[in-house]
Amino acid sequence: MKKIVSLFVLSALLFAGLQLTAQTQVYLNLSGAIPTGDFADGDENDWGLLTEDNEGGAGFGFNAGLKIKIATGVNGLWGMVTLDGIFNGLNSDLRDAFEDAVDEGESNYKDFSLTTPKYLNLPVMGGVNYTYNFNPKFGVFAEAGLGADLHVITKMETYTETSSRKTTRTIEYDPKVSLAYQLGAGIELSKRITIGINYYNLGTEKIKGKATSKVKYTNGGTDSDSHKFSLKRITPTMVMLRVGFKL
């Protein structure tokens, strides 16, 4: 434990020293996250979260993150660290299918509810940024980064109630970590605001998890069952339309 504390203190001192000697710029990035390729495809018949397919069925999402630029001593060239939180719901085909399922469930059961899964990606990357300023009011930049992504899928759950039983069926997905990269370009205004476009590939991960069914009978009895499952791989890819604000 003492070694861990000492290492943490040493790292903090080194980081503080770097902050004193290196010029840094920090940006708050806000983006729309547009899924692409197989990550955007998918419907109730072909969807990698339930069937043996590669389609993610992801819809338009949002991103908030930080970009830290660290001066390298070379004019215009910066080291870069990015931290992002990216949220995507489901595409319109799947939303329509689940809305139909809710309508049918509410018609056929005493009580019915449905929770659909969502995607949450948390990539951390390091890379380089090159910025060329034509004048104090306008510049252009290009950047690239490589790192790791924590890929989280929220649970899917249905609840049905009849006069004789209450049934909850839950599908929980295992979080995964994968290699990720990004490429981007844009413009810089007054050295304070950036407007750009970035492409994110957040790695390929096999979809695994656990399905659970729990039944509670009105006579007081209960029943439950669970099993693990493994499906195919999904690759989250997306285009970010991004605005950054220098802090």
Please determine whether residues [X] and [Y] belong to a single hydrophobic cluster, defined as Ile, Leu, Val, Met, Phe, Trp and Tyr linked transitively by side-chain heavy-atom distances below 4.5 Å.
| X | Y | result |
| --- | --- | --- |
| Val140 | Ile197 | no |
| Phe138 | Ile195 | yes |
| Phe229 | Trp47 | yes |
| Tyr119 | Leu50 | yes |
| Ile171 | Leu231 | yes |

Which atom pair, heavy atoms only, marks the closest approach of [X] to [Y]?
| X | Y | result |
| --- | --- | --- |
| Asn88 | Pro35 | ND2-CD, 4.0 Å |
| Ser230 | Lys206 | OG-CE, 2.8 Å |
| Met156 | Pro117 | CB-CD, 3.8 Å |
| Met125 | Gly147 | CG-N, 3.9 Å |
| Asn45 | Asp53 | O-OD2, 4.1 Å |
| Pro175 | Leu150 | CB-CD1, 4.3 Å |

Exercise. Return the set of residues passing ring-ring contact (aromatic ring centres under 6.0 Å, His included) with Tyr132 (not counting sequence neighbours), or none when no residue passes.
Key: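 For Tyr132 the ring-ring contact (aromatic ring centres under 6.0 Å, His included) partners, ignoring immediate neighbours, are Phe134.
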
Hey, are the side chains of [X] and [Y] touching, using non-hydrogen atoms and a 4.5 Å cut-off?
| X | Y | result |
| --- | --- | --- |
| Ser163 | Lys110 | no |
| Phe62 | Ile86 | no |
| Thr115 | Tyr159 | no |
| Thr167 | Arg169 | yes |
| Ile153 | Leu49 | yes |
| Trp78 | Ile70 | no |
| Lys67 | Met80 | yes |
| Thr36 | Tyr199 | yes |

Enclosure of [X] [atom1] (heavy-atom neighbours >12, cutoff 6.0 Å):
| X | atom1 | result |
| --- | --- | --- |
| Lys214 | NZ | no |
| Lys176 | NZ | yes |
| Lys210 | NZ | no |
| Asn219 | CG | yes |
| Phe98 | CZ | yes |

Closer than 3.5 angstrom, by distance alone: can the side chain of [X] be matched with the main-chain N or O of [Y] as a donor-acceptor pair?
| X | Y | result |
| --- | --- | --- |
| Arg192 | Lys246 | yes |
| Asp225 | Ser213 | no |
| Asp46 | Gly42 | no |
| Asn121 | His151 | no |
| Ser31 | Ala33 | no |
| Ser178 | Leu202 | yes |
| Asn201 | Gly203 | yes |
| Asn91 | Ala40 | yes |
| Asn63 | Gly32 | no |

Quiz prompt | NZ/NE/NH1/NH2 to OD/OE distance under 4.0 Å, Arg242 and Asp84 | solution =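 Yes, Arg242 and Asp84 are salt-bridged.
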
Just checking, any donor-acceptor pair under 3.5 angstrom between side chains of [X] and [Y]?
| X | Y | result |
| --- | --- | --- |
| Thr131 | Asn133 | no |
| Thr170 | Glu157 | yes |
| Thr218 | Ser164 | no |
| Ser226 | Thr212 | no |

Exercise. Measure the acute angle between the ring planes of Tyr109 and Phe112, then classify it against the limits of 30° and 60° as parallel, tilted or perpendicular.
Key: parallel

Quiz item: Taking only residues two or more places apart in sequence or in another chain, which ones pass side chain to side chain donor-acceptor pair (under 3.5 Å) with Thr82?
Solution: Gln182

Quiz item: NZ of Lys232 to OG1 of Thr235: how many Å apart, nearest 0.5 Å?
Solution: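 Rounded to the nearest 0.5 Å, the NZ-OG1 separation comes to 12.5 Å.
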
Quiz item: Between Thr168 and Val215, does a side chain to side chain contact (heavy atoms under 4.5 Å, CB included) hold up when you go through it step by step?
Solution: CA-CA 7 Å; Thr168 303; Val215 182; over 6 Å; no

Practice problem: Begin from the C-alpha positions of Val128 and Tyr130 and carry the test side chain to side chain contact (heavy atoms under 4.5 Å, CB included) through to its verdict. | Solution: CA-CA 7 Å; Val128 293; Tyr130 182 79; over 6 Å; no

